[in-house]
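In what follows, a single structure is set out as structure tokens and then discussed.
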Protein chains: 2
Amino acid sequence: MIDRQHLKIIKAIYTCGSMTEAAASLHLSQSALSHAMKKVETTYKVPVWRKEGRKLVLTQAGRSILGLAERVLPQFEHTESMLHRMAQGKQGILRIGMECHPCFEWLLKVVAPFLKAYPDADVDVRRAFSFGGLQALHGFDIDLLLTPDPLRLDTITYTPVFNYEQVLVMSTSHPLASKSFIQPVDLCSETLITYPVELSRLDVFCQFLTPANCAVKAHKTIETTEIMLQMVAAGRGVTALPKWLIQELDEQSELAFRSLGEPGIHKTLYLGHRKGGDPFGLVDKFIEMALSGLHNDDGE
Amino acid sequence: MIDRQHLKIIKAIYTCGSMTEAAASLHLSQSALSHAMKKVETTYKVPVWRKEGRKLVLTQAGRSILGLAERVLPQFEHTESMLHRMAQGKQGILRIGMECHPCFEWLLKVVAPFLKAYPDADVDVRRAFSFGGLQALHGFDIDLLLTPDPLRLDTITYTPVFNYEQVLVMSTSHPLASKSFIQPVDLCSETLITYPVELSRLDVFCQFLTPANCAVKAHKTIETTEIMLQMVAAGRGVTALPKWLIQELDEQSELAFRSLGEPGIHKTLYLGHRKGGDPFGLVDKFIEMALSGLHNDDGE
DNA sequence: CATGATTTATGAATTTATTTCATCAATAAA
DNA sequence: TTTATTGATGAAATAAATTCATAAATCATG
């Protein structure tokens, strides 16, 4: 029977590149690993490793076991860490994932009161997912997903938690600041600064420029919101961000913002979570708190 | 350290309702289970079971372990069965899931030549998913998903494999059979027979009746296509099915079909699969075969 | 409430599995 | 060829799981 230990060993050999190293990393003798591998190979009558010179290479069978290990081991570890927390009388860790850059600023405002209200609960916020936020939610890597596009799935429930308007941001002295709202053609001669993500996830493109068949003069990407805004204030380009974010960060009022199109681009942030199976009820508590502190930036 | 065996034991006690029964089902002594549970409880310093009378009830901690077990154990079992097949020199099992009832008939036509071409590969077709087809694909319960709605996810690739037209089916003597195509209002006085699935998954409603703000006189559901068609032939109602399916099943030509709306409702079936990690390459082979035998029922 | 049937818990013994130790064989570099 | 380095192997030691026998608790029943 394949055991958790076997998975750990196969994974360690694979990542370390050799049995000797893997043995050290697992605090076991090299012999132990060799015996363990031999046991798997004899019980299933399938080689797991093939020797090429003195490198060990996974066989097809080995690769399927490694796949199992990579899917399954993190889940063991997470459950164990939950158990440890329970033993200490603490509540769980709420792992929140985010799919949109400026979500983070909003999240901070909910996380702070949540941590205060539930001192025995921890929050962990993750921004990067190897396989996308939904997968992470799904594969139990996170418990809550903050996202602007609630992809309907049977097992996942979304709750709208925040409405906001996405506006074009420019320096107060920028010519476009004199307009009452922005039209797609207005951006043809501008430098647009965005976060470094796929274009398909940027609303300025998908909902504004592309439908109007317009393009910008230049497109730069910047990671951090603060730097982005400094660039914009310095007249080096324009960007599109949630209105509330600008109102909050632009203390010296160096920035102006205008709606994208006459109606403006209106967005909703959703919190997605798996249906059922929330040991501490933390997910529900967080959503409740997010809703109670609900503030709309959407002029409603 | 929580082990696969611990998970099996917790799951067995939970499903059997008692340790004694669980012990029998696992071919172990009751004492073994008791000791195993005690070990988990002492290493994590958390109770897993609470005794209510002489029933065992899972604690919060127990429920998280059970959750882990239910997510993880099937994956162990599947990997093991793959290993057994590899040992026999066989190729894997291709587990295909379906999300639309009439897909099955189409699938049969691809599966037959596939099994002939790859005699060492097995195919398993599943129709019911506890958490939806995508979840099943994702959670490694199936390898291939045949679906009419390709929900875009980063980890899943869709290949269109079949175009068809969804038509309204009626008995040849039915008054609607005299029309050249069906309009939504035509159905207001009809009994509509469908498969027993959510309305949101039925195109007659979503793409035809609801947009036109029309309703049918009555709505009946029937599981099997054959019975459905007999009901229709007997003049007991009308139904909506792929055109090719009718052409194939209606040998005595008791049935007539007409397009839903002048353009008709045109659908595409997609085969979805996880990116990467297909130990035998069976997924690719199947898709290739599905495409090579590609027949369009869409008049193109 | 006493009795018997049934269920879980426990300590000691037993069996099974894992790990180490010492050593060999194979590989790659010097 | 010599010399590290790496994996493989059998025997011994250690650790873990399992059983056995039995106790304690629960529940139904006369």
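So that the names make sense, note that chain A is the first sequence line, chain B the second, and so on, each numbered from 1.
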I'd like to know if the side chain of Ser29(A) and the backbone of Ala32(A) have a donor-acceptor N/O pair within less than 3.5 Å. yes

Validation: residues 52-66 of chain B side-chain donor-acceptor distances under 3.5 Å, sequence neighbours left out:
residue  : atom : partner   : partner atom : Å
Thr59(B) : OG1  : Pro47(B)  : O            : 2.7
Thr59(B) : OG1  : Val48(B)  : O            : 3.0
Thr59(B) : OG1  : Ala61(B)  : N            : 3.4
Thr59(B) : OG1  : Gly62(B)  : N            : 3.1
Gln60(B) : NE2  : Pro279(A) : O            : 2.8
Ser64(B) : OG   : Gln60(B)  : O            : 3.2
Ser64(B) : OG   : Ala61(B)  : O            : 3.1

Does dA9(C) have OP1 or OP2 under 4.0 Å away from a side-chain N or O of Lys38(B)? no

Degree of bending in the helix from dC1(C)-dG30(D) to dA30(C)-dT1(D) once both end axes are built from five pairs, to 10°: 30°

Base, sugar-phosphate, or nothing: which does Thr20(A) touch, judged by heavy atoms less than 4.0 Å apart? sugar-phosphate

When you check every protein heavy atom under 4.0 Å of nucleotides 18-30 of chain D, what one-letter string (B, S, -) results, 5' to 3'? BBB-----BS---

Looking at residues 11-19 of chain B, who's got a heavy atom less than 4.0 Å off DNA chain D? none

Identify, with sequence neighbours excluded, every residue that meets side-chain hydrogen bond (donor to acceptor under 3.5 Å, both in side chains) alongside Asp122(B). Arg85(B)

Output a table of donor-acceptor pairs, distance under 3.5 Å, between side-chain atoms of residues 9-19 of chain A and any protein atom two or more places apart or on a different chain; print 'none' if there are none.
residue  : atom : partner  : partner atom : Å
Thr15(A) : OG1  : Lys11(A) : O            : 3.0
Thr15(A) : OG1  : Ala12(A) : O            : 3.2
Ser18(A) : OG   : Glu21(A) : N            : 3.2

Mind telling me whether His84(A) and Tyr44(B) have parallel, tilted or perpendicular rings, with 30° and 60° as the class edges? tilted

Taking only residues two or more places apart in sequence or in another chain, which ones pass salt bridge (charged side-chain N to carboxylate O under 4.0 Å, His left out) with Asp149(A)? none

dG7(D) P sits how many Å from Arg50(A) CZ, rounded? 16 Å

Just to verify, what does Tyr158(B) make a side-chain hydrogen bond (donor to acceptor under 3.5 Å, both in side chains) with, not counting sequence neighbours? none

For Asp3(A) and for Ser34(B), locate the closest nucleotide of DNA chain C by heavy-atom distance; then report the residue assigned to the nucleotide nearer the 5' terminus. Ser34(B)

Run the side-chain hydrogen bond (donor to acceptor under 3.5 Å, both in side chains) test against His6(A) and tell me which residues pass, sequence neighbours left out. none

From NE2 of His6(A) over to C1' of dT18(C), roughly how many Å is that when rounded to an integer? 9 Å

Which residues share a salt bridge (charged side-chain N to carboxylate O under 4.0 Å, His left out) with Asp3(A), sequence neighbours left out: none

Gap between atoms CD and C1', on Glu41(B) and dT10(C) respectively (whole Å): 14 Å

Just jot down the salt bridge (charged side-chain N to carboxylate O under 4.0 Å, His left out) partners of Glu80(A), sequence neighbours excluded, or say none. Arg4(A)

Kindly write out the residues that satisfy side-chain hydrogen bond (donor to acceptor under 3.5 Å, both in side chains) with Thr225(B), not counting sequence neighbours, or none if the list is empty. Tyr195(B)

Between P on dT10(C) and NZ on Lys39(B), what's the gap in Å once rounded to a whole number? 16 Å

